[in-house]
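Written out below as structure tokens is the structure these notes cover.
Just follow the structure's listing: the first ligand is 1, and inside any ligand the first atom is 1. Predicted, not measured: the structure shown is a model, and the values here were computed from it.
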Amino acid sequence: MKLLVIGCGGVATVAIHKCCENPIFTEICIASRTKSKCDALAEKLAPKTNAVLTTAKVDADSFDSLTELMNSFKPHTVLNVALPYQDLTIMDACLACGANYVDTANYEAEDTDDPEWRKAYEKRCKEKGFTAYFDYSWQWAYREKFRKAGLTALLGTGFDPGVTSVFTAYAQKHYFDEIHYIDILDCNGGDHGYPFATNFNPEINLREVSANGSYWENGHWVETKPMEIKREYNFDGVGMKDMYLLHHEEIESLAANIPNVKRIRFFMTFGQSYLNHMNCLQNVGMLGTTPVEFEGHEIVPIKFLKALLPDPASLGPRTVGKTNIGCIFTGIKDGKQRSIYIYNVCDHQECYKETGAQAVSYTTGVPAMIGTAMVASGTWSGAGVFNVEEFDPDPYMDALNKYGLPWIVDENPVLVD
Ligand code: NDP
């Protein structure tokens with residue numbers, strides 16, 4: 001099966017490593033903006049795999065650049081591990097060239113000052129009640145196009161969204177008649193030794209974390225100020241951590257796909273140093289996305305900041321500690337209330353030894369490969385646009401155990417108040 005991977009950053013590096021271990025992928029083309037990164041990765045992996053590896057330069061913001069590449073390589077499936085800004089262009093190119101589409105993050109506009117985008121955004125804020133710059137409406141609008149083309153688009157197969165959504169489908173299938181409460185917990189107990197760095201793309205990470213939080217309750221969104229809701233939790237493998245309520249994209253799809261759910265929240269852990277730096281950068285305008293004039297040049301503050309911060313892909317050798325990510329579910333089974341926590345613990349240094357990347361890239365890249373394999377093998381099939389929780393979770397859960405992200409079910413978890 002021919003796979004085209006777009007992007008060659010931290011997540012892509014792990015996803016491609018893992019694709020090379022899965023015999024379903026016989027030919028893999030690694031394409032990105034900076035071709036030298038693709039060449040270096042292909043050279044490193046070629047001796048360890050039976051898959052034929054090729055590389056290409058592509059501008060994923062350009063429909064023409066994408067279709068030229070797709071028409072010559074003719075992929076069965078395209079894995080988009082570039083940035084959320086490119087989701088729609090890549091989906092359009094897949095439709096034009098007859099390829100299935102897979103990604104790990106929903107569409108986000110790069111230029112949030114674009115008047116047409118703003119109009120749609122403000123209408124959505126009013127109608128839905130949350131103000132995040134990203135939401136599923138843009139990609140769900142492609143359902144009919146993919147259905148008519150007989151192609152599959154699988155959205156959000158990273159860890160969160162991705163594995164957390166598959167955990168939900170698994171809990172629904174095996175542990176509950178009705179799930180009422182879902183708390184998604186994302187704990188990174190890793191230490192990279194820098195005063196401040198982000199574990200994945202800084203622009204995407206800082207925009208997400210500095211935005212208002214929100215959660216789903218009784219059929220509507222409740223919005224909070226950034227970092228307004230804080231809890232402490234004692235994570236297996238990590239210990240006690242502060243965690244904060246954020247808006248997160250899988251809340252939107254789980255609210256649509258899990259019947260009877262009353263509340264869905266998402267919490268992420270942050271250390272005080274991270275928060276102090278982020279607040280300071282925000283207060284001085286360094287997280288801005290609107291270009292500013294500086295000594296005759298136009299500079300987008302957050303892009304300039306990205307150039308100064310450590311490259312997330314370079315954190316691997318320095319990061320020690322573990323991640324613990326999972327979901328606490330509370331609901332009803334056979335008339336009785338029960339709660340379970342399904343989670344994975346991942347060690348930064350073990351990930352680095354295996355793939356050269358730290359656990360945040362690893363925990364996203366492994367499920368990116370698994371979701372792609374589900375589509376490529378036809379294990380998950382159907383024409384249209386789907387979120388991962390819409391399919392049978394069992395083969396995906398088996399693959400998590402096989403490819404490096406084993407999971408645990410705790411049937412007596414401490415709950416989050
Ligand atoms: P990186 O910034 O490390 O990598 C992004 C890659 O995309 C780079 O290789 C970059 O090229 C390439 N790229 C960017 N713009 C273009 C373009 N216009 N054309 C072609 N290639 C382009 O990001 P990460 O690997 O950390 O993240 C990748 C994706 O994974 C993001 O969408 C992120 O949101 C998502 N993610 C999802 C998570 C989940 O759990 N669901 C968790 C973490 C991340 P260059 O090398 O030239 O910069």
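Considering both main-chain and side-chain atoms, Gly9 comes within under 3.5 Å of ligand 1 through a nitrogen or oxygen pair. In terms of polar-atom proximity, Ala82 is counted as a contact of ligand 1, with an N or O under 3.5 Å from an N or O of the ligand. For ligand 1, one of its N or O atoms has an N or O atom of Cys8 under 3.5 Å away. Checking only distances, Ile204 never comes within under 3.5 Å of ligand 1, N or O to N or O. Of the N or O atoms in Ala60, one or more lie within a sub-3.5 Å distance of an N or O in ligand 1. Remark: ligand 1 and Thr104 share an N or O pair separated by less than 3.5 Å (distance only, no angle test). When only interatomic distances are considered, the shortest N/O to N/O separation between Ile6 and ligand 1 does not fall below 3.5 Å.
Heavy-atom distances between Gly10 and ligand 1 reach below 4.0 Å in at least one pair. Under a 4.0 angstrom heavy-atom cut-off, Pro161 registers as being in contact with ligand 1.
Nearest protein heavy-atom neighbour of atom 11 (O) of ligand 1: Ser32 OG, 3.4 Å. Protein heavy atom at the shortest distance from atom 47 (O) of ligand 1 is Thr34 OG1, 2.4 Å. Taking atom 44 (C) of ligand 1 as the reference point, the nearest protein heavy-atom neighbour is Phe200 CD1, 3.6 Å. Taking atom 46 (O) of ligand 1 as the reference point, the nearest protein heavy-atom neighbour is Lys37 NZ, 2.6 Å. Residue, atom and distance of the protein heavy atom nearest to atom 23 (O) of ligand 1 are Asn201 CB, 3.7 Å. Of the protein's heavy atoms, Val11 N, 2.9 Å lies nearest to atom 25 (O) of ligand 1. Nearest non-hydrogen protein atom to atom 5 (C) of ligand 1 is Leu83 CD2, 3.9 Å. Summary of contacts: the protein heavy atom closest to atom 22 (C) of ligand 1 is Arg33 CB, 3.9 Å.
In this structure the side chain of Val58 reaches within 4.5 angstrom of the side chain of Leu66, judged on heavy atoms.
A donor-acceptor contact shorter than 3.5 Å links the side chain of Gln139 to the backbone of Tyr107. In terms of modelled atom types and a separation under 3.5 Å, the side chain of Ser72 and the main chain of Leu69 share a donor-acceptor contact. Side chain of Tyr136 to main chain of Asn387: no donor-acceptor pair is present (N/O by atom type, distance under 3.5 Å, no hydrogens or angles). Checked by atom type and distance alone, the side chain of Gln349 pairs as donor or acceptor with a backbone atom of Thr319 at under 3.5 Å.
Per-residue contacts place Phe159 under 4.0 angstrom from the following atoms of ligand 1 (heavy atoms of the residue considered): 39 (C), 40 (O), 41 (N). Every atom of ligand 1 is numbered from 1 in the order shown, and the set under 4.0 Å from a heavy atom of Val81 is 28 (C). Counting the atoms of ligand 1 from 1 in the order shown, those under 4.0 Å from a heavy atom of Ala105 are 32 (O), 34 (O). Listed by number with element, the atoms of ligand 1 under 4.0 Å from a non-hydrogen atom of Val58 are 19 (N), 20 (C). Heavy-atom proximity to Asp61, at under 4.0 Å, picks out these atoms of ligand 1: 18 (N).
When each of Val375, Thr372, Leu79, Leu154 is tested with Asn100 by the rule side-chain contact (heavy atoms from CB on, under 4.5 Å), just one qualifies, namely Val375. Shown are Asn212, Leu246, Leu245; of these, the side-chain contact (heavy atoms from CB on, under 4.5 Å) with Thr224 is made only by Leu245.
Between the side chains of Asn188 and His348, at least one donor N or O sits under 3.5 Å from an acceptor N or O.
Figure legend: cation-pi geometry between Lys241 and Tyr233 absent, as NZ or CZ is not positioned both under 6.0 Å from the six-membered ring centre and within 45° of its axis. The cationic atom of Arg147 (NZ for Lys, CZ for Arg) does not lie both less than 6.0 Å from the six-membered ring centre of Tyr142 and within 45° of the ring axis.
Two rings, from Phe266 and Trp216, have their centers 6.0 Å or more apart. The aromatic ring centres of Phe267 and Tyr244 sit 6.0 Å or more apart.
With respect to Asp191 and Arg318, no salt bridge is recorded, no charged nitrogen being found less than 4.0 Å from a carboxylate O.
Contacts with ligand 1 closer than 4.0 Å are made by side-chain heavy atoms of Thr364 only, the backbone lying farther away.
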*Please lay out, stage by stage, how His174 and Tyr170 fare under the test ring pair (Phe, Tyr, Trp, His ring centres under 6.0 Å).*
CA-CA 6 Å; His174 297 286; Tyr170 186 79; 4.5 Å; yes

